[in-house]
Amino acid sequence: MTVRTRFAPSPTGYLHVGGARTALFSYLYARKHGGQFVLRIEDTDLERSTAESVNAILEGMTWLGLDYDEGPFYQTHRFDRYNAVIDELLEKGLAYRCDCPKDRLEKLRVDQMARKMKPRYDGRCRNRQIDPDTPHVIRFKNPVDGAVVVDDMIRGRVPFSNEELDDLIIRRSDGAPTYNLSVVVDDADMEITHVIRGDDHLTNTPRQINILKALGFEPPRYAHVPMILGDDGARLSKRHGAVSVIAYRDQGYLPEALLNYLIRLGWSHGDQEIFSVEQMIELFDISDVNKAASAFNTDKLDWLNQQYIQHAEPARIARLLSPHMGKLDIDPSTGPELADVVTAQAARAKTLTELAEISAFCYRDFDDYDEGSAKKHLRPVAREGLERLRAAFDLMAFEDWTPEQLKHVVERVSEELEVNMGKVAQPLRVAIVGRAASPGIDETLMLVGKEATLRRIDKALAYIEARASA
RNA sequence: GCUCUCUUCGUCUAGUGGUUAGGACGCUGGCCUCUCACGCCGGUAACAGGGGUUCGAAUCCCCUAGAGAGUACCA
């Protein structure tokens, strides 16, 4: 039996991190076992499903690199099949028509709650003959006694008494099938062997197993993964900032970093923190997933993202960084090779957005100095050093503008003035970067280039002058 | 309310009857150093509570508390 898993989101919003994680788990499980991963769009709710959501989900899957072998299948394209199954159930007496008005159902619910009972349909229409031409829904005839055990790969055996379950609606009055019916039919038709999904579906599972049995299908294995909470331990919502996978992309996270972060939420392999997708496939097992929900921690994601930015191929990071430079109105082709900038800056940024911001000085002059940095370093005492540096730089030929030579010049000037290198390098750094933090002074000068260096030193000297006479 | 689920440092986790309860992020002290980072070394901090079982419980059982899910003509 070849393993077949599926990811089955409903297109009522973007792909959020919780969905992405269950998709990842399903993907890995299929890949690990040499099986197939299917994508299915559960759009039976015509009211709430949108094409934009479908696109957002597809875009998120693509960005993460969670490629599927089959699909996307759309449930709205399979209504005939669902209806055939419902009709079959009807004919066999395993389902029935119900015309109970909503207000009766509502009253029933209120009464049951008042008597401290679990609200459930009372089966009034089970043996009534409803005219097929009058408005009605179809309900599944759930077994009235006995129990159904969900043998979950993560939770273990979870028993449910059939007395807790009621006759759920499988076809709406508008003729559209409902979720519990369509998932069951699809999972069976698509020969899904392992259903990996959020644990909010755990209590639906016994109903689905009953339908499956009524239809004569063999139930798949189930694995209900716990949900992801926000930083504060509350249910994840827009309130927590980014929850959409695409928002993480736009904020400068790498897909491999997000994937790596997500797999470590509820799963681990000893003390290992960094996993390539290949390693995930090799090491992951759904039965090793924790039962408890876990809180999303952006600090750790940031750390992972930085690790990946730092160790990835600079050329690749440069490609991904380019659009972030664009957002700052910078055209990377107008300055140093972006890959060289990445090499110099990678250890200094947690996200690509941040990397772009701290690298802008390589491509254009800054407007204002960082206040604290200027106050501390651009003082009259720095004038002498800057003047000497300027003179030395001015004499340098284009081909001498190398990190080695540049470092040499800075060292020489500090020796001449008999001060520590920092006394010379820091004012120079603030002069050409605008603030007191940057790569090594030689690399920084190299990236900025001779022309801009001289221009910015002049600006700094003017600034010192103005400050001295103020 | 009812059914089901969950509970180890602030967070993610290791741990499956005997450990000084380990690692990671964060925070923090130091080293490195032209700055900021990176890196390296160190510190901080946890078994929800109470009963059992056992020579011995984070690990097994029960209860309590807290958290979550479901209880839709949503998925």
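Values below: every heavy atom of this structure, side chains too, minus hydrogens, waters and symmetry copies. Note that the coordinates shown come from a computational prediction; the quantities given were computed from them, not determined experimentally.
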Using a heavy-atom cut-off of under 4.0 Å over every strand shown, decide if A:H201 touches base, sugar-phosphate, or nothing. base

Please pick, from B:A24, B:C6, B:G1, the nucleotide with the shortest atom-to-atom distance to any side-chain atom of A:E273. B:A24

Please find out if less than 6.0 Å separates the ring center of A:Y369 from that of A:Y463. yes

How would you label the contact of A:S438 with the nucleic acid (heavy atoms, under 4.0 Å): base, sugar-phosphate, or nothing? base

Tell me what A:G440 touches on the nucleic acid: a base, only sugar-phosphate, or nothing, going by heavy atoms under 4.0 Å. base

B:A72 P sits how many Å from A:M113 CE, rounded? 9 Å

So, is A:T44 close to the B:A75 phosphate, meaning a side-chain N or O under 4.0 Å from OP1 or OP2? yes

B:C9 to B:G43 separation - C1' atoms, rounded to the nearest Å: 14 Å

Nearest to the A:F160 side chain among B:A75, B:C4, B:A72, which nucleotide is it? B:C4

Nearest whole angstrom, please: distance from the P of B:C6 to the CG of A:D152. 10 Å

Name the nucleic acid region contacted by A:D302, choosing base, sugar-phosphate or nothing; use a 4.0 angstrom heavy-atom cut-off, strictly under. nothing

Could you measure between the two P atoms, the one in B:A69 and the one in B:A14, and give it in whole Å? 23 Å

Complement of B:U3, any strand, by Watson-Crick or G-U distances under 3.5 angstrom: B:A69

Is a side-chain donor or acceptor of A:Q345 paired with a backbone partner of A:I358 at a separation under 3.5 angstrom? yes

Winner on side-chain proximity to A:Q310, out of B:C6, B:C38, B:U11, is B:C38

Nucleotide B:C2, atom P - distance to CG of A:D122 in whole Å: 21 Å

Closer than 4.0 Å, any side-chain N/O of A:R21 to the OP1 or OP2 of B:C12? no

For A:R197 and B:A75, is the shortest distance between a side-chain N/O and OP1 or OP2 below 4.0 Å? no

Between A:D43 and A:T76, is there a donor-acceptor pair closer than 3.5 Å when you use the side chain of the first and the backbone of the second? yes

Expressed as a whole number of Å, how far does the C1' atom of B:C60 sit from that of B:G15? 16 Å

Whole-Å distance separating the CD atom of A:E411 from the C1' atom of B:C34: 9 Å

Are any of A:N180's side-chain N or O atoms less than 4.0 Å away from OP1 or OP2 of B:A72? no

For B:C32, give its Watson-Crick or G-U wobble partner with both distances under 3.5 Å, or none. none

Between A:E47 and A:R172, does any side-chain N to carboxylate O distance fall below 4.0 Å? no

With a 3.5 Å limit on both atom pairs, tell me what B:A21 is paired to, counting Watson-Crick and G-U wobble, or say none. none

Please measure how far the P atom in B:C25 lies from the corresponding atom in B:C38, and state the result in whole Å. 11 Å

Does any non-hydrogen side-chain atom of A:Q208 lie less than 4.5 Å from one of A:I211? no

Distance check needed: B:U71 P versus A:N204 CG, whole Å only. 7 Å

For the side chain of A:Y253 and the backbone of A:K350, is there at least one donor-acceptor N/O pair under 3.5 Å apart? no

B:C47 and B:U13, which share atom name C1', separated by this distance in whole Å: 13 Å

Is the closest basic N to carboxylate O distance between A:R6 and A:D186 below 4.0 Å? no

Using a distance-only criterion (donor-acceptor N/O pair, under 3.5 Å, no hydrogens), is the base of B:C4 paired with the side chain of A:R155? no

Take atom C1' in B:U7 and the same atom in B:U64, then report the distance between them in whole Å. 13 Å

With the side chain of A:A436 defined as its heavy atoms from C-beta on, choose the nearest nucleotide among B:C6, B:U35, B:U3. B:U35

Counting heavy atoms from C-beta on, name the nucleotide in B:G68, B:A37, B:G70 closest to the side chain of A:D200. B:G70

In terms of side-chain heavy atoms of A:T178, which of B:U35, B:C25, B:C74 is nearest? B:C74

Given B:C34, B:C12, B:C74, identify the nucleotide with an atom nearest to the side chain of A:D442. B:C34

Pick base, sugar-phosphate or nothing for A:P439, based on heavy-atom distances below 4.0 Å to the nucleic acid. base

Using a heavy-atom cut-off of under 4.0 Å over every strand shown, decide if A:V137 touches base, sugar-phosphate, or nothing. base

Hey, is the side chain of A:Q307 poking within less than 4.0 Å of OP1 or OP2 on B:A37, counting only N and O atoms? no

Assigned partner base of B:C9, Watson-Crick or wobble definition, under 3.5 Å: none

Over all strands shown, is A:K102 touching base, sugar-phosphate only, or nothing at heavy-atom distances under 4.0 angstrom? base

For A:D370, which residues count as a salt bridge (Lys or Arg N to Asp or Glu O under 4.0 Å) partner, sequence neighbours excluded? none

Proximal nucleotide (of B:G1, B:U13, B:C36) relative to the A:A437 side chain: B:C36

Between B:C4 and B:A46, how far apart are the P atoms? Round to whole Å, please. 34 Å

Assuming nearest nucleotide by heavy-atom distance, tell me which of A:M117 and A:Q75 is located more 5' along RNA chain B. A:M117

Measure the distance from NZ on A:K375 to C1' on B:U35 and round it to the nearest whole Å. 19 Å

Just N and O in the side chain of A:S268: are any of them under 4.0 Å from OP1 or OP2 of B:A14? yes

Reckon A:R435 touches a base, only the sugar-phosphate, or nothing at all at heavy-atom distances under 4.0 Å? nothing

Within the 4.0 Å heavy-atom criterion, would you say A:E47 contacts the bases, only the backbone, or no part of the nucleic acid? nothing

Check if the side chain of A:S10 and the base of B:C74 share a donor-acceptor pair of N or O atoms closer than 3.5 Å. no

Would you say A:S414 places a side-chain N or O within less than 4.0 Å of OP1 or OP2 belonging to B:C34? no

Under a 3.5 Å limit for both distances, which nucleotide forms a Watson-Crick or G-U wobble pair with B:C47, could you say? none

Using 0.5 Å steps for rounding, measure from the CD atom of A:E256 to the CG atom of A:L304. 10.5 Å

Counting side-chain heavy atoms from CB outward, which of B:C6, B:A14, B:G23 is closest to A:K291? B:C6

Verify whether the ring centers belonging to A:F284 and A:F25 lie closer than 6.0 Å. yes

Could you check how far CG of A:L46 sits from P of B:A72, rounded to whole Å? 21 Å

Pick the P atom in B:G22 and in B:A65, then give their distance to the nearest Å. 33 Å

Interatomic distance where CG belongs to A:L181 and C1' belongs to B:C73 [whole Å]: 13 Å

Nearest to the A:L265 side chain among B:C12, B:A14, B:A37, which nucleotide is it? B:C12

